Structure formats: structure tokens, C-alpha cells
Amino acid sequence: MNAPTIVRKPSVCPHDCPSACALDVEVIDGQRIGRVHGARDQDYTAGVVCAKVARYSERIHHPDRLLHPLRRVGPKGAGQFERVSWDDALAVVAEKFNAAERDFGAESVWPYFYAGTMGRVMRDGINRLTHAKKYSRFYGTICVGLAWPGFIAGAGKIAGPDPREMAKSDCVVLWGTNAVATQVNVMTHVARARKERGAKLVVIDIYRNATMEQADLALCLRPGTDGALACAVMHILFRDGLADWPYLEKYTDDPHGLEAHLRTRDPVWAAAITGLEVAEIEAFARLVGATKKTFFRLGYGFSRQRNGAVNMHAASCVAAVTGAWQYEGGGAFHNNAAIFHWKQTTLEGHAFIDPATRVLDQSRVGAILTGDPDALRGGPPVKAMLIQNTNPVSVAPDQTRVRRGFAREDLFTVVHEQFMTETAAMADIVLPATMFMEHDDIYAGGGHQYVEFAGKLIEPPGECRNNHQVICALAKRLGVDHPSFDLSPRELAEINLRESGLPPLADLIEKNWIDVQPDFRASHFLDGFAWPDGKFHFHVDWPRVPYGNIGPVGAWRSMPDLPDHWNAIEAATADYPFRLATSPSRSFLNSTFNETPSSLAREKAPCVLVHPDDAADLGVADGDWATLGSPRGEIRLRAKLFDGVQRGVLISEGIWPNAAFPDGKGVNTLTGADPVAPFGGAAFHDNRVWMKRKS
Ligand SMILES: Nc1nc2c(c(=O)[nH]1)N[C@H]1C(S)=C(S)[C@@H](COP(=O)(O)OP(=O)(O)OC[C@H]3O[C@@H](n4cnc5c(=O)[nH]c(N)nc54)[C@H](O)[C@@H]3O)O[C@H]1N2
Ligand SMILES: Nc1nc2c(c(=O)[nH]1)N[C@H]1C(S)=C(S)[C@@H](COP(=O)(O)OP(=O)(O)OC[C@H]3O[C@@H](n4cnc5c(=O)[nH]c(N)nc54)[C@H](O)[C@@H]3O)O[C@H]1N2
Ligand code: SF4
Ligand SMILES: [Mo]
């Protein structure tokens with residue numbers, strides 16, 4: 001027998017992760033995937049990938065992959081399906097979509113997608129069909145809806161210093177991101193700064209996670225209190241002469257107004273709100289005040305609170321008061337979305353858009369499917385859905401309502417998936433999807449500055465088809481006759497790059513990735529911030545922040561105009577005495593990888609971390625079963641005693657399959673889908689709950 005031939009091929013990790021790693025993949029005999037490595041010669045990835053993607057062969061060659069189209073035969077959600085041909089499956093979809101359109105109007109069809117793949121053609125192409133058919137449009141709020149407006153409020157756009165500059169920093173502040181678990185490459189650059197420059201690492205989080213374990217200064221505060229911390233830090237900077245006045249006068253809107261406003265927001269005030277010691281707050285302020293090259297790496301986690309946008313803005317303001325933005329290795333960075341100037345004109349079929357077509361909020365899928373008139377924005381019920389790259393029955397907030405919605409016998413759903421997820425199990429038609437090494441696409445980093453290409457490396461198994469094929473085939477059957485549905489993924493990628501002013505596809509294919517970081521002056525806003533007046537804004541007129549397409553929602557009228565502790569969170573009460581965060585786990589990526597054996601083995605079982613003193617009060621011992629209840633529902637899981645949280649705070653890591661819980665109810669049973677100010681989104685880490693021992 002011949003030894004297998006292993007060829008190393010370039011690729012890109014498609015998952016919903018700011019790292020968008022450049023990969024170096026072992027392809028065995030041209031048919032199978034072996035070990036996956038990080039590309040060594042791409043300087044952001046720098047040879048490192050997370051363990052779950054290194055073992056991708058487990059996922060791509062998983063015995064449970066969907067291989068054939070299926071049609072439901074039993075009752076909704078019972079999991080009884082029969083195999084059908086692609087032709088028959090697509091014919092049923094077209095018939096049902098057309099029936100919904102005929103009886104309830106085109107807006108009764110709602111294509112629903114998210115970032116299960118970050119490939120631009122495969123992820124965003126669904127919008128072309130939506131717009132061509134005037135179906136209800138999709139407003140993606142679940143992830144960035146709070147963080148992005150919060151960052152734009154100050155700097156004017158989502159961009160900032162080159163993330164590789166973390167390695168040139170004297171102090172890196174990881175604020176509300178568990179980077180060791182969620183974007184491991186950040187730690188590569190932090191490690192360099194520490195090794196080569198003796199840089200300090202500050203971690204601000206609500207529990208002692210793997211990232212905080214590495215910190216020189218660890219600030220473990222109460223959830224939803226980062227605005228108070230940021231205000232007290234800026235108070236100290238002004239008080240102690242550590243504010244950079246020449247910078248403030250030149251680059252910010254109203255430093256004197258800010259200073260006056262912060263006079264009452266002193267460390268004693270913030271200590272009471274955050275649960276931190278005054279000395280900890282003073283030490284943090286002194287460190288960032290004295291260290292000009294401080295890089296504030298602002299994560300998503302701390303924005304997933306009902307005051308999250310305000311807290312994100314407040315944290316970004318600290319870098320303006322110290323003037324850190326001026327220096328290489330300094331400033332505040334959240335995500336690089338704006339540097340790519342994506343124009344999705346052809347890919348998303350912008351020419352087809354009718355602005356009168358309603359837009360429905362992703363996070364409110366439960367309310368929408370159960371007929372809430374406000375969530376439906378006064379329009380018709382949703383009667384049919386096409387779902388790609390997302391698993392709402394598991395990941396969306398207020399799961400009880402989401403499940404009730406998907407269980408409607410009069411709702412027709414088609415789910416295009418790689419696995420029989422909880423959402424696919426509720427479908428009428430299930431279509432098998434390719435994985436990234438089985439199709440072509442282009443990608444861009446959120447946490448870095450590369451545009452990347454990844455080509456098809458192996459043939460898909462069974463009858464799997466890619467998202468683009470399904471969208472184009474459906475368009476044909478639904479009577480859409482437009483050349484944009486006849487293009488190949490490469491042709492669409494080529495057009496997308498050209499419309500965006502990015503390098504041509506041929507260059508990308510040849511080089512694998514292209515660096516589009518703007519120059520130093522632009523990245524550091526040295527010629528002005530992205531507001532018309534060129535200033536960093538301490539004052540925020542929230543409804544005017546250029547973000548969002550359904551207008552202000554929630555409690556936006558009571559949002560503070562200057563950085564503050566905005567008391568909009570689900571504070572604990574006598575009935576719900578704990579605050580629960582549902583933080584990501586290291587070995588799952590949202591609900592992805594919760595099907596691979598090694599990730600499951602590492603994460604073991606769903607559990608809740610509880611402070612030992614709280615556990616003692618409740619009579620709960622390590623490993624006991626516990627019940628958690630929020631105003632939205634109850635779940636059962638094991639308790640784990642853990643002293644790395646403040647009292648009254650609970651953490652449950654990871655989006656486990658709902659079936660991993662004894663009652664089949666997942667963690668999102670507890671989370672709320674009330675639209676969060678200013679423009680909607682989900683406060684996944686902001687839940688008041690009770691906890692009981694359960695024998
Ligand atoms: N392994 C793994 N990687 C992932 C994901 C995953 O599920 N697993 N998900 C991917 C996706 S879609 C995203 S958006 C990113 C998100 O990645 P991150 O930006 O890291 O955001 P989160 O993981 O939601 O939360 C980060 C940390 O913030 C903490 N936190 C919660 N509330 C507060 C608060 O009020 N204040 C402070 N200071 N901290 C708080 C959480 O407990 C958590 O430790 O990660 C991506 N990468
Ligand atoms: N409790 C709690 N809930 C959360 C969060 C939290 O922190 N706590 N985080 C929230 C966040 S930030 C996010 S972004 C959401 C994400 O939630 P989801 O959008 O559900 O996230 P993923 O698990 O990334 O991707 C979902 C599915 O996409 C499929 N998929 C991948 N590639 C393709 C493809 O090419 N084609 C097709 N058709 N399917 C594909 C995968 O098989 C997977 O089942 O979850 C949110 N939910
Ligand atoms: S760190 Fe993120 S981008 Fe990199 S391989 Fe892992 S999931 Fe993919
Ligand atoms: Mo996300």
C-alpha cells in the first residue's frame with residue numbers, strides 16, 4: 001500500500017471570530033483533511049490557531065454531517081424526516097414561498113442568516129434573494145448591535161490602530177474580552193509586548209477566566225458597571241494631572257464639560273457600583289495615565305448588557321483623556337470593519353431594495369414568530385423562512401418563545417445546515433451544506449486588517465451544496481431572472497472586491513491575503529476622528545449615531561449624553577438575587593463545535609459557576625444539581641464552586657446543545673430579547689436570576 005500523500009494548502013478560518021485566521025491545511029490524498037495549522041507567514045495569525053480548528057478533521061469528516069436533502073414526515077420538531085432529491089426539495093420550497101407570498105404578501109417570507117460562515121459570498125448572498133423578492137429584510141443585531149454603536153459614538157467609525165501594534169505597546173488593557181478563549185491571536189501579540197518590552201497586561205472582566213489568569217492587574221467587577229469604572233478612571237486622570245490637555249483641546253469635543261461632569265464620579269462612587277476596591281481603581285488609572293502607549297482592546301463581552309453601548313463608549317473615552325491614540329502601540333481598538341469599505345451592491349442586490357419593505361430584528365425572532373405586532377412592525381405574520389449559517393433555536397435569546405414560534409404548524413421553514421441542529425430539527429425541509437474547505441470564498445478580519453481568499457480544497461461529501469448554489473437555484477424557481485444569479489462565487493467575489501475598491505481577486509488568490517491597514521495617521525485619527533467636526537465625541541446624541549436601520553429602540557431616551565453609569569441593567573431583586581452571564585466557552589464557538597468529540601470531552605457538561613459563600617447560603621455543594629430561573633424560564637444544570645467571581649454573580653459558559661440539559665432547555669431560556677438601546681441587540685450577559693438546589 002502507498003503511503004498517503006499530504007499536501008499543505010492555504011485556507012482561512014470561516015467561523016465567527018475576530019481572528020479570521022490564515023490557515024495552512026494538510027490535505028490527504030486530495031480527499032481528506034488532516035491537521036490544520038495557523039499560517040506562519042501571515043503576521044497576525046503568526047502560526048497560531050485555536051485547538052478546535054486545529055482538529056477540524058473531526059468536524060468536516062464527522063459521521064453526523066448532513067449529506068442529503070430531507071423532508072419532514074412526522075410532527076414539527078419530532079425529528080422524523082425522509083430523504084428527498086434536491087429537485088423535489090427545492091420545488092417544495094418554491095411552492096411554499098410562493099403560497100405565502102400569494103396569501104400574505106412577500107413580507108411574510110423572512111430569510112434569516114448569520115455569521116456561521118464569515119465568507120462574504122456564502123454569508124451575504126442570501127440578501128440578494130431577499131431584496132429581489134421584496135421579502136422581509138433582516139436586521140442583524142445579535143452580536144454587534146450594542147458594541148458597534150457604542151464605539152462609533154466616540155470615534156465616529158469602527159476602526160482604530162493596527163491590531164499588530166499591541167506588540168509595541170507598554171500596557172495592553174483587555175476589556176471585556178476573554179481573548180484566550182475567543183480570539184487567541186490577541187494573546188500572541190500581547191505575549192510579544194510582554195516579552196520584548198515588559199508591557200503590563202490589564203484584564204477587566206466579571207470572572208477569573210483564562211485571560212484574567214494571565215493579568216498583571218486583574219479587575220473583576222460586577223456585570224454592567226464598566227461605565228462607572230471608566231468614569232472614575234477619567235476622574236482620577238483629570239484630578240491628578242494625568243489628562244493630556246493639549247491632545248484633548250485639539251482632538252475632542254468638550255474636555256472641560258467632561259471634566260466637570262466627572263467631578264462627582266470619584267473612585268468611592270465607582271467602588272460602590274463596581275464592587276472593586278478604591279485602591280484597584282486608583283492603581284489602574286495611575287497605570288494608564290503614566291503609560292502613554294496603552295492599547296485598549298475593547299471586546300464584545302462587556303457590551304452584552306442593557307447599558308452596554310454606553311459602557312463601550314465610556315471605555316473608549318479613556319484613551320482620549322490619556323491621549324493614548326497618538327502613539328504607536330496606543331489607542332482604543334474594537335473592530336476593523338470600516339477599513340475595508342465593503343460595498344455589497346451586486347452581492348446583496350442593492351438595486352432591488354424597496355425601502356418600504358419592512359426590516360425584522362434578528363434578536364426578536366421569538367416575538368416575531370409568536371405574532372407580537374410590535375416585533376412584526378405592524379406587517380403580516382411570518383409564514384416562511386429560509387435559514388442559513390445560524391442556529392436560532394439554540395443561540396437566540398428568550399428560547400421558550402423562539403421554540404414556540406418554530407413549533408408553529410403553519411410556519412414553513414427550510415434550514416440549510418451542516419448538522420441536524422436544534423433549528424434544523426424544527427424544519428420542514430433540511431438541505432445539506434458544504435463546509436469552507438469545500439467551496440470558494442473571500443474573508444476579512446474583524447480583529448486584523450487582511451482580506452483573504454480561501455479556495456475549495458476537497459469535494460463535498462454526499463449531496464452537499466454551498467449557500468450560493470442554493471440561493472441561485474431558489475431564485476430561478478421563484479421566477480427571479482437576473483444575471484447576478486448566474487455568476488460563480490469567484491465572479492461575485494471579484495465584483496465585490498472591485499466595488500469596494502479592494503485589490504483584484506487574482507492578486508488575492510496569488511498572495512492568499514492582502515494587508516489593507518490604512519496608514520499610521522489615519523489609523524490613529526491624527527487628522528481627525530470620523531465625525532464631521534473631526535473630534536472624538538464625549539457627548540453622544542444616541543439616535544444620531546450612524547448605525548442601525550430600524551431607528552432607536554428600547555430605553556434610548558434615558559441614555560446619558562456623557563459617559564456615566566447608566567442604571568439600565570437587570571439589577572438583582574429579592575426574587576431574583578443573582579446576576580447571570582452566559583459567557584462563551586473555549587471549545588465551542590457559539591453553537592458550533594458542540595458536536596465534535598474533543599470539544600465535548602473538554603467542556604464536559606453544562607454548569608454554573610457560583611461563589612462558595614453564595615453556594616453555602618443556598619446549601620449547594622460542588623457538583624450538585626441546581627435550578628436557575630429568570631423572568632423568562634428555568635433550566636437545570638450542575639453547580640460548580642468558584643471563588644473568581646464577586647458574590648451575587650453567576651457564570652454559565654458555552655452554548656450547549658439544548659439536549660445536554662436534563663429538561664432539554666438551553667441556557668438561552670434565561671436570556672431576554674427585549675430590544676436594547678439604542679438600536680436593538682441582546683444583553684446575553686445581563687440576566688437577573690434565582691438559584692435553588694435541586695436534589
Ligand atoms: N471559543 C470561542 N470563541 C469565540 C466564540 C465562542 O463562543 N467561543 N464566539 C465568537 C463570537 S460570535 C464573538 S462575538 C466573540 C466574542 O468574544 P468576546 O469579545 O471575548 O466577548 P464575550 O466572549 O461575549 O465576553 C468576553 C468576556 O466579557 C465578560 N463580561 C460579561 N459581562 C461583562 C461586563 O459587564 N463587564 C466586563 N468587563 N466583562 C463582562 C464575559 O464574562 C467574558 O469573559 O468571540 C468569538 N470567538
Ligand atoms: N447565551 C448566549 N447566547 C449567545 C451568545 C452568548 O454569548 N451567550 N453569543 C451570541 C453571539 S455573539 C452570536 S454571533 C450568536 C451566533 O450564533 P449562530 O449564528 O447560531 O452561530 P454559529 O454557531 O457561529 O453558526 C451557526 C451555524 O452555522 C452553520 N454553518 C457554518 N457554515 C455554514 C455554511 O457555509 N453554510 C450553511 N448553510 N451553514 C453554515 C453551522 O453548522 C452552525 O450550526 O450567538 C449568540 N448567542
Ligand atoms: S482563533 Fe478564531 S479564526 Fe482562528 S482558527 Fe480559531 S475560531 Fe478560527
Ligand atoms: Mo458574535
Side-chain angles (χ1 to χ4, degrees), residues 11-23 36-38 44-45 48-54 56 59 65-66 112-119 121-123 126 140-147 178-179 181-187 300-301 303-304 362-363 386-397 399 415-424 431-436 438-439 441 443 445-448 464-468 470-471 580-586 588-595 652-656 666-671 681-685 687:
S11 187
V12 177
C13 176
H15 289 289
D16 190 359
C17 171
S19 285
C21 288
L23 306 179
V36 176
H37 309 266
Y44 190 79
T45 302
V48 177
V49 287
C50 63
K52 56 195 178 303
V53 170
Y56 214 81
R59 188 165 192 273
R65 266 192 77 173
L66 294 170
Y112 190 99
F113 70 103
Y114 208 57
T117 172
M118 294 282 277
V121 174
M122 299 301 162
R123 184 189 62 193
I126 189 172
T141 51
I142 211 161
C143 179
V144 306
L146 303 166
N178 183 5
T182 62
Q183 43 172 338
V184 63
N185 307 77
V186 162
M187 301 313 286
Y300 286 96
S303 78
R304 307 204 190 290
Q362 172 188 27
S363 300
L386 162 64
I387 299 178
Q388 287 185 320
N389 334 315
T390 186
N391 183 13
V393 175
S394 177
V395 307
Q399 186 179 104
V415 176
H416 186 200
E417 249 301 345
Q418 297 163 343
F419 289 96
M420 186 57 79
T421 60
E422 286 91 341
T423 308
L431 303 173
T434 48
M435 289 191 185
F436 70 107
E438 300 156 357
H439 58 239
D441 213 334
Y443 303 82
H448 62 67
C464 290
R465 292 191 187 169
N466 65 50
N467 290 9
H468 174 79
V470 168
I471 296 305
L580 168 78
T582 61
S583 311
S585 63
R586 186 165 179 171
F588 301 155
L589 200 151
N590 305 320
S591 67
T592 308
F593 297 96
N594 72 14
E595 71 284 319
S652 182
E653 284 188 347
I655 309 181
W656 284 85
V667 74
N668 279 313
T669 304
L670 301 174
T671 57
F684 285 110
H685 305 333
N687 310 287

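Whatever order the structure lists them in is the order used to number ligands and atoms, beginning at 1. Since the model is a prediction, treat every value here as computed from it, not as a measurement.
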Around atom 4 (Fe) of ligand 3, find the nearest protein heavy atom and jot down its residue, atom name and distance.
-> Cys21 SG, 2.3 Å

Ligand 2 contact by Met122, heavy-atom criterion under 4.0 angstrom | no

Got an N/O contact under 3.5 Å between Thr671 and ligand 2?
-> no

Non-hydrogen side-chain atoms of Pro397 and Ile142 separated by less than 4.5 Å | yes

Nearest 0.5 Å, what's the CG-CG distance between Leu386 and Leu431?
-> 8.0 Å

Under 4.0 Å from ligand 3, counting heavy atoms only, is it the side chain of Ala20, its backbone, both or neither?
-> backbone

Donor-acceptor under 3.5 Å (Arg304 side chain, Cys143 main chain) = yes

Heavy-atom proximity to atom 43 (C) of ligand 2 ranks first, among Glu422, Glu417, Gln418, for Glu417

Can you tell which of Cys50, Ala51, Gly446, Ala54 gets a heavy atom nearest to atom 6 (Fe) of ligand 3?
-> Cys50

Contact partition for Ile655 relative to ligand 2, non-hydrogen atoms under 4.0 Å = side chain

Examine the proximity of ligand 2 to Asn391 and report which part, side chain or backbone, both or neither, has a heavy atom under 4.0 Å away.
-> both

Is atom 8 (Fe) of ligand 3 less than 2.8 Å from at least one N/O/S atom of Cys13?
-> yes

In a check of side-chain contact (heavy atoms from CB on, under 4.5 Å) between Met122 and each of Val470, Asn466, Thr434, which one passes?
-> Asn466

A student comparing Val470, Asn590, Val395, Thr421 should find that the heavy atom closest to atom 24 (O) of ligand 2 comes from Asn590

Should you measure from each heavy atom of Asn668, which atoms of ligand 2 turn up under 4.0 Å away?
-> 1 (N), 2 (C), 3 (N)

Relative to each other, are the rings of Tyr56 and Phe593 parallel, tilted or perpendicular (30° and 60° limits)?
-> perpendicular

Specify the protein heavy atom at minimum distance from atom 2 (Fe) of ligand 3: its residue, its atom name, and the distance to 0.1 Å.
-> Cys17 SG, 2.3 Å

Hey, is Ala433 touching ligand 2 through its side chain, its backbone, both or neither, going by heavy atoms under 4.0 Å?
-> side chain

Start with the C-alpha gap between Thr671 and Asn687, add the side-chain angles, then the distance that decides, and say whether side-chain hydrogen bond (donor to acceptor under 3.5 Å, both in side chains) holds.
-> CA-CA 6 Å; Thr671 57; Asn687 310 287; 5.2 Å; no

How close does the nearest protein non-hydrogen atom get to atom 19 (O) of ligand 2, and which residue and atom is it?
-> Thr390 OG1, 2.8 Å

Numbered atoms of ligand 3 (with element) below 4.0 Å of Leu589, judged on heavy atoms = 7 (S)

Any Thr423 side-chain heavy atom under 4.5 Å of Tyr112 side chain = no

Ignoring hydrogens and geometry, is there a side-chain-to-backbone donor-acceptor pair from Asn389 to Ala115 under 3.5 Å?
-> no

For Asn185, does its backbone N or O pair with a side-chain atom of Gln183 as donor and acceptor, under 3.5 Å?
-> no

